[in-house]
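What follows is one structure encoded as structure tokens, with my remarks underneath.
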Amino acid sequence: MTTAVCFHCGHLKFGSFNICEECQTQPRTDEELIVSLAMSDHYFDQPTMESMGDYIREHGHPPHLDPNSEETFRRNFEEVKASGLLNQLFQDRDDS
């Protein structure tokens, strides 16, 4: 399964789009979802993700993506969004 860095607190969590058990924050905006997708083990190894978490704790925000990477992650996110997966994920959360 996917390990990801919480965009808000830097804690490692299960799933890019899931609620962080540490700070109870869930990515909702497109920008939050894109950076959450980017900071996952689909793209980075554990030490790199731990460094990202350290950066967030030190600076209060996730590292910035370079323009080419941001474009790639945005395209990947748009594919996930078009699949309807996000609607299902958020509807399941709202129904609970």
I'd like to know if the side chain of Thr48 pairs up with that of Asp45 as donor and acceptor (distance under 3.5 Å, no hydrogens or angles considered).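 The criterion, which ignores hydrogens and geometry beyond distance, is satisfied for Asp45 and Thr48.
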So, taking the atom named [atom1] in [X] and the one named [atom2] in [Y], what distance separates them when rounded to the nearest 0.5 Å?
X: Phe7; Y: Glu32; atom1: CZ; atom2: CD; answer: 3.5 Å
X: Cys6; Y: His11; atom1: SG; atom2: NE2; answer: 8.5 Å
X: Thr3; Y: Asp41; atom1: OG1; atom2: CG; answer: 4.5 Å
X: Lys13; Y: Asn18; atom1: NZ; atom2: CG; answer: 6.0 Å
X: Phe44; Y: Met52; atom1: CZ; atom2: CE; answer: 3.5 Å
X: Leu12; Y: Glu21; atom1: CG; atom2: CD; answer: 11.5 Å

Take Ser51 and Asp54 through the test side-chain hydrogen bond (donor to acceptor under 3.5 Å, both in side chains) and record every step on the way to the result. CA-CA 5 Å; Ser51 293; Asp54 292 342; 5.1 Å; no
With sequence neighbours left out, the residues meeting ring-ring contact (aromatic ring centres under 6.0 Å, His included) with His61 are Tyr55, His64
Cationic N near anionic O, under 4.0 Å, Arg74 to Glu31: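 Salt bridge: yes.
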Apply salt bridge (Lys or Arg N to Asp or Glu O under 4.0 Å) to residues Arg75 and Glu79 and explain how you reach the verdict. CA-CA 6 Å; Arg75 274 195 314 271; Glu79 289 175 15; over 6 Å; no
Nearest heavy atoms of Leu37 and Phe73, plus distance in Å: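 Closest pair (atom of Leu37, atom of Phe73, distance): CD2-O, 4.1 Å.
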Could you check whether atom CD of Glu50 has more than 12 heavy atoms from other residues, nucleotides or ligands sitting under 6.0 Å from it? yes
Apply side chain to side chain donor-acceptor pair (under 3.5 Å) to Glu78 and list each qualifying residue two or more places apart in sequence or on a separate chain. none
